[in-house]
Every structure is written in structure tokens, then in C-alpha cells.
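Read through the structure below, which is laid out as C-alpha cells, and then see the notes.
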Amino acid sequence: DRRTAILRGPAIVELVALAVKLSGGTTGSKTGRKAGPSTGKTGSGTLNVAVSKDVLSFDPQAFDLPNFPIIKNFYDPLIEYDANLKPVPALADSWKIADDKKSVALHLRSDVTFSDGTKFTSKAVAATFEKAADPARGLQANGPMGVVSNWTIAGDEAITFNFKKPVPDLVMFDLLQFTNVINPAGMNDLKKAPAGTGPFVLKQHLPGQVISMVANKHYWRPNEPKAQEVDLKIFTDQNAAVNALASGQVDILYDLSTKDASQLKKQNFQIDEGTGSIILLFVANPNQAPFDNKLVRQAVYRAVDRNS
């Protein structure tokens, strides 16, 4: 028996990727054996994953740490980054940045539907960005929207974002990458239920216990997801989570300590470890103590090892 434990580095591994990787379209992930090669079909078993925190909301614009690795199972962004941080198509299949860097025009996929079967169009993208631009509704997505002046749609498959001033390409791509598109029909109920185009649909959420997901039958990516069902079981006590992995109650333990990872590796558990490419920001407010003191700001600046 080889079950899997995930040791989290500075970046967070998306659980949807784990489901695709480890279920393999077989019953291996259900029984706890190492997953076999993919058959290219959706699996029939349930993948049980132990996580340390529950979601606070299913709103993708709430970038709380517990939400991030889970919310991506229900939503898709306009573009994504590959392993080399190169932007690649997602819900937008192509884009063109203006020479003056003051706008980006996107062409959207025409074969995508939301999990309830509603067609994905430029109107949903506009509604999502309208929410993000609203200080009362945009949550953590509101700040980055400060560079956006407005947007225009041209039919169901085209939208152009206009910026207040020239914007670097990376800033544009970051905005398009972390803004997951929301179904306008479900936008007012995001506290309880997701409303996206992602690979999974919420089956049941028992706060503090489990988040049950089933494969989205409308999902636009061929042969994904590999797992038919995924149960994210919440363990606030890591010892209990480790015991659940050892006893076969769960197939994957996500986010464990280095000490537990070392012990599990000795017991023939598979350990997946990675640093990823997410950047954690340290932001200082120069209008409030202690960072209103120039010497403090300079001290922090000099304390950072910029070559590491």
C-alpha cells in the first residue's frame, strides 16, 4: 500500500491537479495503492483528501489561504501560467496587447458552459470584473482592479480591458490569471455554493467536516477531471490526519509538517514536495507606525536577502 502525502512549500498545490494526477481513472486512489496510468476516462471511485482548513466562502475573489487550494476546483481563470510562468490560454483562447500597453483584447472560448449548463460568454466575464471593481463586493480582487479604467464587449466571445495608463504585461496577465469567472446566476449565493466553469461541482458541504465534489459533466477540458468524486475531509488536528492516512480513511494528506513527512516516508508513503511559483508579498503602509519611520523601512529593506 502506498498512499500519498503532500508537503507544501511556499506555493500551494491545487487539489484539482492532485485529483487528476493521483486518481488516474482507476480505483487505485480509492484503495490507497499508487495510482496507475491514466485511461483517459473519468474514474469511478472517490478520492479522499485530508485538508487542514475549511473554506470560508466559495467566492473566488476571497483570497483567504484556506480558500485558495480548494476554490480552483470549481472555477477557471481567463489565462493560466505554465511551469515556466508563461501565460497560456484558459477561458480566453487568445489575446492581443495594444502597442501602447493601455488595453488588452481577449477572444473567449465558445465551447464552455458553467456547471449548471449556462453558456459562458463575455457578459459573465464583464459581470465578474464588475463585482471585482466594486469595493463593497470585490473583496481581495478589488485592489488589483485599480489599474482598470473600463471594458467593452463585442459579441459573446470578445472583451477588451482598458487601463488608466500603460501597464506592464505581467500586471495584465496576473489580473487575468487570478480573476476566476463567476456565473452571474449564482453571484449572490457564493457564500454557500460555487458558480464556475471548473472541473468539479459541489455535492455537499458540511462545515468543519467535509467538502464533497463530483465531476462537472459539462467540463470543457477533454478527459478531465480523472476523479469522479472527491471528498475533502477537514482535519484541524494533524495527528488525526496522519492516522487517517495510515489507516486508509484518506488517500492523500495535504499540507503536512516536515517532521511528519519524514516519518511517513520511512513507512513507504509517497511524498510529493514542491516549491511552486507563487509569490508572497510583504506590503508596508508608510502612513502607519512603525513604517512611517524611514529608518525602519530602510532596515527592513537591508534585512532582505535579495539574492536568495
Self-check item: Between Asp59 and Tyr75, a side-chain donor and acceptor under 3.5 Å
Solution: no
Quiz item: Does Gly138 offer a backbone N or O that forms a donor-acceptor pair with the side chain of Asp134 under 3.5 Å?
Solution: no
Quiz item: How are the rings of Phe161 and Phe129 set relative to one another: parallel (under 30°), tilted (30 to 60°) or perpendicular (over 60°)?
Solution: tilted
Exercise. Answer with yes or no whether the side chains of Asn162 and Ser149 bring together a donor and an acceptor at under 3.5 Å.
Key: no
Quiz item: Do the side chains of Leu176 and Leu85 join up, straight or via other hydrophobic residues, at under 4.5 Å, putting them in one cluster?
Solution: yes
Quiz item: Any donor and acceptor pair, going by atom type alone, linking the side chain of Ser122 with main-chain N or O of Gly155 inside 3.5 Å?
Solution: yes
Quiz item: Is there a donor-acceptor pair under 3.5 Å between the side chain of Ser247 and the backbone N or O of Asn243?
Solution: yes
Self-check item: Phe269 to Ala246 - nearest heavy-atom pair and separation
Solution: CZ-CA, 3.9 Å
Quiz item: When rounded to the nearest 0.5 angstrom, what distance separates CG in Leu106 from CH2 in Trp95?
Solution: 8.5 Å
Practice problem: Look at the side chain of Lys101 and the backbone N and O of Ala98, then say whether any donor-acceptor pair between them is shorter than 3.5 Å. | Solution: no
Exercise. Could you tell me which non-hydrogen atom of Val49 sits nearest to which non-hydrogen atom of Val230, and how far apart they are?
Key: CG2-CG1, 4.2 Å
Practice problem: Please confirm whether the backbone N or O of Asn216 pairs with a side-chain atom of Ser115, one donor and one acceptor, at under 3.5 Å? | Solution: no
Practice problem: List the atom of Phe74, the atom of Leu202, and the distance in Å for their closest heavy-atom pair. | Solution: CE2-N, 3.6 Å
Practice problem: Let me know which of Asn180, Val181, Asp76 forms a side chain to side chain contact (heavy atoms under 4.5 Å, CB included) with Pro60. | Solution: Asn180
Exercise. Could you check Trp220 against Arg109 for side chain to side chain contact (heavy atoms under 4.5 Å, CB included), going step by step and ending with a plain yes or no?
Key: CA-CA 9 Å; Trp220 55 277; Arg109 296 183 65 96; 3.3 Å; yes
Practice problem: Dump the intermediate steps for side chain to side chain contact (heavy atoms under 4.5 Å, CB included) on Leu253 and Val242, then the final yes or no. | Solution: CA-CA 7 Å; Leu253 170 55; Val242 171; 3.7 Å; yes
Quiz item: Can you tell me how far the OG1 atom of Thr121 sits from the CD1 atom of Ile153, to the nearest 0.5 Å?
Solution: 7.0 Å
Please list every donor-acceptor pair under 3.5 Å in which a side-chain atom of residues 285-301 meets a protein atom from a residue at least two apart or in another chain.
residue: Asn285; atom: OD1; partner: Asn287; partner atom: N; Å: 2.9
residue: Asn293; atom: OD1; partner: Leu295; partner atom: N; Å: 2.8
residue: Arg297; atom: NH1; partner: Phe291; partner atom: O; Å: 2.6

Exercise. Enter the distance from Lys233:NZ to Asn48:CG here, rounded to the nearest 0.5 Å.
Key: 4.0 Å
Exercise. Calculate, to the nearest 0.5 Å, the distance between atoms OG and CD1 belonging to Ser94 and Ile79 respectively.
Key: 12.5 Å
Quiz prompt | Ion pair check, Arg221 and Glu80, cut-off under 4.0 Å | solution = yes
Quiz item: Distance only, no hydrogens: is a donor on one side chain within 3.5 Å (strictly under) of an acceptor on the other, for Lys131 and Gln61?
Solution: yes
Quiz item: Do Lys266 side-chain atoms and Ala261 backbone N/O form a donor-acceptor pair below 3.5 Å?
Solution: no
Quiz item: To the nearest 0.5 Å, what is the distance between NZ (Lys86) and CZ (Phe173)?
Solution: 10.5 Å
Practice problem: For side chain to side chain contact (heavy atoms under 4.5 Å, CB included), just list the numbers for Tyr219 and Glu224, CA-CA rounded to whole Å, side-chain angles, deciding distance to a tenth of an Å, and then say yes or no. | Solution: CA-CA 7 Å; Tyr219 197 49; Glu224 292 188 23; 4.1 Å; yes
Quiz prompt | Pair Asp54-His205, side-chain donor/acceptor within less than 3.5 Å | solution = yes
Self-check item: Neighbour count above 12 (heavy atom, 6.0 Å) for Lys203 NZ
Solution: no
Self-check item: Asn183 side chain near Asp116 side chain, heavy-atom distance below 4.5 Å
Solution: yes
Quiz item: Any side-chain heavy atom of Tyr254 within less than 4.5 Å of one from Leu232?
Solution: no
Exercise. Mark yes or no for whether Ser262, through its side chain, and Thr258, through its backbone, hold a donor-acceptor pair below 3.5 Å.
Key: no
Exercise. Verify, without hydrogens or angle tests, whether Lys265 (side chain) and Asp260 (backbone) share a donor-acceptor contact under 3.5 angstrom.
Key: no
Quiz item: Nearest heavy-atom pair of Ala126 and Trp151: which atoms, and what distance?
Solution: CB-NE1, 3.6 Å
Quiz prompt | Stepwise side chain to side chain contact (heavy atoms under 4.5 Å, CB included) test for Thr179 and Leu78 | solution = CA-CA 7 Å; Thr179 306; Leu78 291 167; 5.7 Å; no
Quiz item: Ser103 and side chain to side chain contact (heavy atoms under 4.5 Å, CB included): which partner among Asn150, Ile97, Thr160?
Solution: Thr160
Quiz prompt | pair Lys192-Phe58: side-chain heavy atoms closer than 4.5 Å | solution = no
Practice problem: List in chain and number order the residues that pass side-chain contact (heavy atoms from CB on, under 4.5 Å) with Lys102, two or more places apart in sequence or in another chain; answer none if no residue qualifies. | Solution: Asp100, Pro166
Practice problem: Evaluate whether atom NZ of Lys164 has more than 12 neighbouring non-hydrogen atoms of other residues, nucleotides or ligands under 6.0 angstrom away. | Solution: yes
Self-check item: pair Leu108-Leu91: side-chain heavy atoms closer than 4.5 Å
Solution: no
Quiz prompt | Min side-chain heavy-atom separation Thr236-Lys53 under 4.5 Å | solution = no
Exercise. Any chance you could measure Ile211, atom CD1, to Met213, atom CE, to the nearest 0.5 Å?
Key: 7.5 Å
Practice problem: Consider only side-chain N and O atoms of Asp272 and Gln270, and report whether a donor and an acceptor are under 3.5 Å apart. | Solution: yes
Quiz item: Hey, quick one: are Ile271 and Leu245 part of the same hydrophobic cluster, counting side-chain heavy atoms closer than 4.5 Å, chains of contacts allowed?
Solution: yes
Exercise. Answer with yes or no whether the side chains of Thr46 and Asp231 bring together a donor and an acceptor at under 3.5 Å.
Key: no
Quiz item: Short question: side chain of Gln238, backbone of Ser257 - any donor-acceptor pair under 3.5 Å?
Solution: yes
Practice problem: Work out which heavy atom in Val125 is nearest to a heavy atom in Phe120; give both atom names and the distance. | Solution: CG2-CE1, 3.7 Å
Quiz item: Between Asn73 (side chain) and Phe200 (backbone), is there a donor-acceptor pair under 3.5 Å?
Solution: no
Quiz item: Minimum heavy-atom separation for Pro225 to Ala215, with atom names?
Solution: CG-CB, 3.8 Å
Quiz item: Honestly curious: do Val148 and Leu170 fall in one hydrophobic cluster under the side-chain, below-4.5 Å linking rule?
Solution: yes
